[in-house]
Amino acid sequence: MMAVGGVVLSKSQHSGPKVVKIRLFEEAGRKRRVSDEDKALSVTDAALLIENFDHHFLMNTLWRETSAIKRVSVTLDVETASPWLEVSEDRKRVRCTGTWKSLPDTGKRFTGSLCVLGSEGFTSGRHYWEVEVAWGRAWSLGVATESVERKRSVTPTPETGVWSIWRRKDDEIVALTSPPSPLPAHPIPGRLGVYLNYESRTVSFYDADTKSHLHTFTGNKFTEKLYSFFGSWNENQWLRICSGSAPSV
């Protein structure tokens with residue numbers, strides 16, 4: 001016997017991927033009938049299953065059911081923005097200007113890295129947002145702890161309180177694990193989805209254009225408030241936080 005996403009399968013039942021896919025779909029349907037609380041495979045569940053089962057089947061199921069996940073309205077906290085960055089008046093866009101601005105060096109401001117945090121912090125729940133990155137060639141997106149280092153440059157990894165992915169070349173995106181992990185993003189996405197599930201302690205990333213999973217950080221220890229995290233290095237190339245309803249197919 002083995003268990004997959006809460007479905008217990010005998011040897012005869014997991015003889016092939018098609019059987020597994022059918023049973024996963026049936027189980028998802030059963031959960032939807034039980035209560036509103038369990039009406040979808042969560043983003044985390046789907047992300048964890050992707051490694052072992054058919055990618056397109058699971059992702060199609062996931063994106064059909066994400067109406068249960070509300071997109072949060074993320075805005076940028078100008079008091080955290082590096083002096084090298086410009087935040088738009090509506091606090092939905094950020095870019096590197098190549099010029100250092102004379103700004104008050106508060107305890108919140110990044111001075112060692114070209115980064116900015118979102119205004120909204122999270123200590124529980126499931127949160128999803130999207131960022132348009134089509135015009136940027138050097139950026140980082142993800143989630144950071146409230147205590148993340150801001151005054152000196154450090155490698156943004158889970159060990160330093162940052163869960164992020166990074167576009168470091170024109171044709172490559174990596175997850176900032178230790179060491180970095182190249183991601184299968186071809187072509188480079190125009191929009192990226194970030195999904196934080198505080199209770200399951202996971203941070204997931206998606207190509208919002210193709211509705212495909214890119215990476216999930218698992219096994220994390222969330223013990224403090226978390227914020228959306230943005231880094232920008234190419235001059236005059238905006239990152240834009242998207243608005244609208246949660247994605248669906």
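In the hydrophobic clustering of this structure, Leu239 groups with Leu85; members are Ile, Leu, Val, Met, Phe, Trp, Tyr whose side-chain heavy atoms approach within less than 4.5 Å, directly or through other members. Val72 and Val116 fall within the same hydrophobic cluster, where Ile, Leu, Val, Met, Phe, Trp and Tyr residues are linked whenever their side-chain heavy atoms come under 4.5 Å apart, directly or through other members. Hydrophobic clustering (ILVMFWY, side-chain heavy atoms < 4.5 Å, transitive): Phe229 and Trp139 are in distinct clusters. One hydrophobic cluster holds both Val94 and Val74 under the rule that ILVMFWY side chains link at heavy-atom gaps under 4.5 Å. Taken together through direct or relayed side-chain contacts under 4.5 Å among Ile, Leu, Val, Met, Phe, Trp and Tyr, Val194 and Leu214 form part of one hydrophobic cluster.
Remark: side-chain polar atoms of Glu149 are not paired, donor with acceptor, to backbone N or O of Val154 under 3.5 angstrom. Side chain of Lys92 to backbone of Leu76: no donor-acceptor contact under 3.5 angstrom is found. The closest donor-acceptor contact from the side chain of Asp207 to the backbone of Ser212 lies at 3.5 Å or more, if one exists at all. At distances below 3.5 Å, not a single donor-acceptor pair connects side-chain atoms of Ser82 with backbone N or O atoms of Thr111. Side-chain N or O atoms of Arg109 include one that pairs as donor or acceptor with a backbone N or O of Val78 at under 3.5 Å. Counting only distance, with no hydrogens or angles, the side chain of Thr80 and the backbone of Leu117 share a donor-acceptor pair below 3.5 Å. Judged by distance alone, the side chain of Asn220 and the main-chain N or O of Arg201 form a donor-acceptor pair under 3.5 Å. Here the side chain of Thr97 pairs a donor or acceptor atom with the backbone of Thr99 at under 3.5 angstrom.
The line from OG of Ser181 to NE2 of His215 is 6.0 Å long, rounded to the nearest 0.5 Å. Taking CG from Leu196 and CZ from Phe222, the interatomic distance works out to 5.5 Å, rounded to the nearest 0.5 Å. Atom OH of residue Tyr198 and atom NE2 of residue His127 lie 9.5 Å apart, to the nearest 0.5 angstrom. Taking SG of Cys242 as the start and CZ of Arg191 as the end, the distance is 5.5 Å to the nearest 0.5 Å.
Closest approach of Ser124 to Glu199, counting heavy atoms only: CB-OE2, 3.2 Å. The two residues Glu159 and Ser178 come nearest to each other via the heavy atoms OE1-OG, 3.3 Å. Here the closest heavy-atom approach between residue Ser140 and residue Leu176 is recorded as OG-CD1, 4.1 Å. Summarising the geometry of Ile165 relative to Ala175, their closest heavy-atom pair is CG2-CA, 4.0 Å, with the distance given to 0.1 Å. Scanning all heavy atoms of the two residues, the minimum distance from Leu141 to Phe205 falls at O-CE2, 3.4 Å.
Here side chain to side chain donor-acceptor pair (under 3.5 Å) pairs that include residues 225-238, with residues two or more places apart or in two chains, are Glu146-Tyr227.
In this structure the side chain of Lys151 reaches within 4.5 angstrom of the side chain of Asp105, judged on heavy atoms. Using a 4.5 Å heavy-atom cutoff, the side chains of Ile173 and Ile188 are in contact. Val203 places none of its side-chain heavy atoms less than 4.5 Å from the side chain of Leu226. Using a 4.5 Å heavy-atom threshold, the side chains of Val133 and Arg167 count as separate. Inter-residue side-chain proximity for Phe230 and Val87 is flagged as unmet; no heavy-atom pair is nearer than 4.5 Å. For the pair Ser153 and Ser113, the minimum side-chain heavy-atom distance is below 4.5 Å. Side-chain contact between Thr75 and Ile241: absent, with no pair of heavy atoms (C-beta onward) separated by less than 4.5 Å. Counting only heavy atoms from C-beta outward, the side chains of Val143 and Phe217 never approach each other to under 4.5 Å.
In this pair, Tyr195 and Tyr128 present their aromatic rings tilted. The plane angle is within the 30 to 60° band. Classified by interplanar angle (parallel below 30°, tilted 30° to 60°, perpendicular above 60°), the ring pair Phe122/Trp129 is parallel.
With sequence neighbours excluded, the residues that form a side chain to side chain donor-acceptor pair (under 3.5 Å) with Lys108 are Asp77. Every residue meeting the side chain to side chain contact (heavy atoms under 4.5 Å, CB included) condition with Val148, not counting sequence neighbours, appears here in chain and number order: Phe110, Ala144, Thr145, Arg150, Val162.
For Glu89, the CD atom counts as loosely surrounded, since its 6.0 Å shell holds 12 or fewer non-hydrogen atoms of other residues, nucleotides or ligands.
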